[in-house]
Amino acid sequence: MKQDMQGPAEGAAQARPPRVPAQRAARAARETAEARTGGGSGRAGGRGGEDRAARGEHTRGEHTRGEHTHGEQRHGEPAPPRPRGAVVRRSSVRGQVLDALRAALVTGELRPGEVYSAPVLGERFGVSATPVREAMQQLALEGAVEVVPNKGFRVVERGARELAELAEVRALIEMPVVLRLARTVPAERWAELRPLAEATVRAASSGSRAAYAEADRAFHRAVLGLAGNEQLVRVAEDLQRRAQWSMVGGGGAGGGRGGRGRPGELVADAHEHTALLDALIAGDLEVVRALVGEHFGGVG
């Protein structure tokens with residue numbers, strides 16, 4: 001009977017779950033609650049990662065030997081693309097070389113008929129031949145130079161007739177636009193261009209043909225820009241730039257008549273800008289017409 005009474009008790013003791021230490025139970029309950037609420041994921045994940053690492057398991061995000069991770073380059077793989085900053089810098093160098101070559105064309109430093117190689121010009125500017133070659137190719141598209149195979153680029157020779165033809169084409173494009181703007185643009189808008197007109201006078205007085213050519217383009221660009229036609233501005237500026245290139249025997253910096261380039265002629269050309277602006281502010285269409293025709297060499 002005693003044995004029968006102890007049997008069930010012992011069976012109940014065997015069915016009872018094993019006892020868990022209080023600290024482990026509290027930690028398990030805390031982790032369960034954090035998992036449900038989304039909190040403490042970093043701590044729980046960290047412990048889980050340690051447990052799996054202890055068992056030799058591989059966990060996500062862990063770097064092991066032999067794996068390829070982002071930012072590392074395996075042997076034989078193509079190099080990652082260059083950052084955009086390097087491209088911008090190269091484009092900036094090309095632009096600076098292009099500006100310098102254009103100035104040299106205006107001043108006659110690059111002489112018409114002469115052939116120049118990209119490596120030689122690169123040494124002169126302190127850059128490699130690549131940006132020089134790219135700039136010269138742009139000038140070839142603009143008609144300033146022509147490609148000489150295996151030698152370089154020849155500066156195009158242009159005479160008085162070609163410059164006169166350019167002036168005529170410019171007059172045919174710009175005169176109607178300026179006359180239309182003279183009827184529609186208020187005086188205060190014309191007055192805002194006064195600093196640009198005065199800048200051409202200062203540049204002409206300095207005797208620098210390159211400085212005057214830049215100031216002259218800025219003034220004409222601002223005047224035509226009032227029409228709101230970007231294509232018109234680009235075409236007119238391209239023609240003006242061609243007219244500013246040095247012709248055979250010198251000259252060519254003036255934005256008006258072909259062949260202007262001496263200091264006195266540049267100053268006279270610049271004062272036509274201020275006189276034209278005065279007539280536009282006053283709304284005197286007849287004077288505007290006469291001044292524009294005179295500015296382009298008596299056309300119209």
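The structure presented is a predicted model; accordingly, all values stated were derived computationally and were not measured.
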Say whether [X] and [Y] are linked into one hydrophobic cluster, either directly or through other cluster members, by side-chain heavy-atom distances under 4.5 angstrom.
{"X": "Leu98", "Y": "Val93", "value": "yes"}
{"X": "Val201", "Y": "Leu276", "value": "no"}
{"X": "Leu179", "Y": "Val292", "value": "yes"}

[X] vs [Y] side-chain heavy atoms within contact, under 4.5 Å:
{"X": "Val156", "Y": "Pro112", "result": "no"}
{"X": "Pro176", "Y": "Arg180", "result": "no"}
{"X": "Val177", "Y": "Leu181", "result": "yes"}
{"X": "Leu105", "Y": "Leu139", "result": "yes"}

Spell out, as yes or no, whether a donor-acceptor pair under 3.5 Å connects the side chain of [X] to the backbone of [Y].
{"X": "Tyr212", "Y": "Ser206", "result": "no"}
{"X": "Ser208", "Y": "Ala204", "result": "no"}
{"X": "Arg124", "Y": "Val120", "result": "no"}
{"X": "Arg209", "Y": "Thr107", "result": "yes"}

Is [X] salt-bridged to [Y], cutoff N-O under 4.0 Å?
{"X": "Arg234", "Y": "Asp238", "value": "no"}
{"X": "Glu142", "Y": "Arg102", "value": "yes"}
{"X": "Arg194", "Y": "Asp278", "value": "yes"}

[atom2] on [Y] to [atom1] on [X], rounded to 0.5 Å:
{"X": "Leu110", "Y": "Leu121", "atom1": "CG", "atom2": "CG", "answer": "6.5 Å"}
{"X": "Glu157", "Y": "Glu162", "atom1": "CD", "atom2": "CD", "answer": "10.5 Å"}
{"X": "Arg133", "Y": "Phe153", "atom1": "CZ", "atom2": "CZ", "answer": "7.0 Å"}
{"X": "Leu291", "Y": "Phe296", "atom1": "CG", "atom2": "CZ", "answer": "11.5 Å"}
{"X": "Leu193", "Y": "Leu280", "atom1": "CG", "atom2": "CG", "answer": "8.5 Å"}
{"X": "Arg94", "Y": "Leu101", "atom1": "CZ", "atom2": "CG", "answer": "10.5 Å"}

Can you name the closest pair of heavy atoms from [X] and [Y] and give their distance?
{"X": "Arg158", "Y": "Leu163", "value": "CD-CD2, 4.1 Å"}
{"X": "Pro131", "Y": "Val97", "value": "O-CG1, 4.3 Å"}
{"X": "Trp190", "Y": "Leu277", "value": "O-CD1, 3.4 Å"}
{"X": "Ala129", "Y": "Ala118", "value": "O-CB, 3.8 Å"}
{"X": "Val287", "Y": "Ala279", "value": "CG1-CB, 3.7 Å"}
{"X": "Ala140", "Y": "Val147", "value": "CB-CG2, 4.5 Å"}

Parallel, tilted or perpendicular: which describes the rings of His220 and His273, with under 30° parallel and over 60° perpendicular?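 His220 vs His273 ring planes: perpendicular.
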Distance-only criterion, 3.5 Å: show the donor-acceptor pairs between side-chain atoms of residues 221-230 and protein atoms not counting sequence neighbours.
{"residue": "Arg221", "atom": "NH1", "partner": "Glu237", "partner atom": "OE2", "Å": "2.7"}
{"residue": "Asn229", "atom": "OD1", "partner": "Gln231", "partner atom": "N", "Å": "3.1"}
{"residue": "Asn229", "atom": "OD1", "partner": "Leu232", "partner atom": "N", "Å": "3.0"}

Donor-acceptor pair between Arg217 and Gln244 side chains, under 3.5 angstrom: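 Yes - a donor-acceptor pair under 3.5 Å links their side chains.
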Evaluate the criterion side-chain contact (heavy atoms from CB on, under 4.5 Å) for residue pair Arg111 and Tyr116; output intermediate values, then yes/no. CA-CA 10 Å; Arg111 294 178 295 178; Tyr116 298 90; 4.0 Å; yes
By side-chain contact (heavy atoms from CB on, under 4.5 Å) - contacts of Pro186 (at least two apart):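 Pro186 satisfies side-chain contact (heavy atoms from CB on, under 4.5 Å) with Glu188, Arg189 once adjacent residues are dropped.
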